[in-house]
Number of protein chains: 2
Amino acid sequence: MLRAAAELFVAHGYSATTLRQIAESAGIKAGSIYHHFDSKELLFSVVLDEGIDVMVQAFHTAADVTSDAPAPSRLLAHVRAHLGALFENGPFTTAHVTSFFSAPHTVRAQAVTRRDGYENLWSALLNDLFPQINRKDLALHRLILFGALNSTIEWFDPAGNLTLDQLAAVVTNQFLNGVQP
Amino acid sequence: MLRAAAELFVAHGYSATTLRQIAESAGIKAGSIYHHFDSKELLFSVVLDEGIDVMVQAFHTAADVTSDAPAPSRLLAHVRAHLGALFENGPFTTAHVTSFFSAPHTVRAQAVTRRDGYENLWSALLNDLFPQINRKDLALHRLILFGALNSTIEWFDPAGNLTLDQLAAVVTNQFLNGVQP
DNA sequence: GTCTATAACATGATAGAC
DNA sequence: GTCTATCATGTTATAGAC
């Protein structure tokens, strides 16, 4: 049922998604939702939290596998992990990208706070990979990278010609070397 | 009043914004809106169209000014123009980024169609600037760049230490050369 | 061109039976 | 844990006076 809710939130945004739709998609009636969640806002909060968990877990898996690899390989693994969290691990992570602006302010504020942990993981990683670049610049580069990664859900089609591995390679290479061939 | 509507759509998303809010913010009553627009969807459509106009106009201005400059300067001018459309020219362009996913499918489909024109301008520009790179790769690089540019509205503060000119320079340099210092 | 009033309906949430 | 009501309210949209 959390999954059903997340899918609808992703598809229509927070306020356009009704509890009746969620209930129907989960095979129950609307009133029954309140036995599990005290409010619609709280339900959405749980969906977002789940999304963060998926991303954090993907990050740590990538970190374990590539801890002693060269910098470009490590970066590629983490880019691939983030994209995997978006495209392969359900609608929870995607909700952060599509439904964030349609959520009430209180929910947004909570989500931002919880996302900090994940973003700090990335900051530490980049500082570790590129010790010669100062941290302020690196923080900007991270935001640019995040923007590029998250916006892929607006145009990337996992069933298309380009695979996720290839997409990760393109984004990583663009991040490291720019467009110059 | 279009401006008031756009600001509210940006702040709360499509469906969380009510006609009463828009009317109040415009200094009239809700019923009066229907003398100007036939429906809420149509009102939002007009807001989005206005946003595209702003972006296209910014593009052409940048093109006129830098038509015979070297490639990096031309790219920088266009990046700056796009960011200017987002941060300096009102809430119409921003609506495309923040309120897109909370809008009804019909409105989304229209917006996508209308945005094609603007995206084609960019495709032509990049093909012109980087003739040595094949067009398929360049199309991917454009999508990555767009993602980075549009997502700046989630974190960039025009009143902060970093200026728009500096932001444009950082993004352009990252796009051309990557993070390596 | 704006107002008031209202129709017609959808929404989040609650109460109590089973 | 799910159901069937139902409440109270808010929503888009319309009709007609001014």
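Note on naming: letters A, B, ... go to the chains in the order of the sequence lines (proteins, then strands), and numbering restarts at 1 for each one.
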- Task: Could you state the atom-to-atom distance from CG of B:D38 to C1' of D:dA13 in whole Å?
- Result: 11 Å
- From the candidates C:dT11, D:dG1, C:dG1, the one with an atom nearest any side-chain atom of B:H35 is C:dG1
- Query: Within this structure, what is the CZ-to-P distance between A:F44 and C:dA13, rounded to whole angstrom?
  - Reply: 14 Å
- Query: Once you round it to whole Å, what is the distance between P of C:dT11 and CD of A:Q21?
  - Reply: 7 Å
- Of the candidate nucleotides C:dT4, D:dA13, C:dA13, which contains the atom at the shortest distance from the side chain of A:Y34? C:dA13
- Considering only heavy side-chain atoms of B:K29, the closest of C:dG12, C:dT4, D:dT2 is C:dT4
- Value in whole Å for how far the C1' atom of D:dT4 lies from CD1 of A:I33: 15 Å
- Query: When you check the side-chain N and O atoms of A:S102 and B:S102, is any donor under 3.5 Å from an acceptor?
  - Reply: no
- May I have the distance from A:L19 (atom CG) to C:dT11 (atom P), rounded to whole angstrom? 9 Å
- Task: Looking at every strand, decide which applies to B:S32 at a 4.0 Å heavy-atom threshold: base, sugar-phosphate, or nothing.
- Result: base
- Task: Establish whether the base of C:dG12 is bridged to the side chain of A:R20 by a donor-acceptor pair shorter than 3.5 Å.
- Result: yes
- Query: Can you tell me how far P of D:dC3 sits from CD of A:E24, to the nearest Å?
  - Reply: 12 Å
- Roughly how many Å is it from CD1 in B:I28 to P in C:dC3, rounded to a whole number? 6 Å
- Task: Send over the distance from A:F37 CZ to C:dT14 C1', rounded to a whole Å.
- Result: 18 Å
- Side chains of B:L145 and B:H141: closer than 4.5 Å at any heavy-atom pair? no
- Message: Categorize A:S15 for me: base, sugar-phosphate, or nothing, with a 4.0 angstrom heavy-atom threshold over every strand shown.
- Response: nothing
- Item | Backbone N/O of B:V56 and side chain of B:H60: donor-acceptor pair under 3.5 Å | yes
- Query: Distance only, no hydrogens: is a donor on one side chain within 3.5 Å (strictly under) of an acceptor on the other, for A:S25 and A:E7?
  - Reply: no
- Identified ring pair (Phe, Tyr, Trp, His ring centres under 6.0 Å) counterpart of A:H82 within the set A:F59, A:F175, A:F146: A:F146
- Given C:dC3, C:dG1, D:dT12, which nucleotide is nearest the side-chain atoms of B:H36? C:dG1
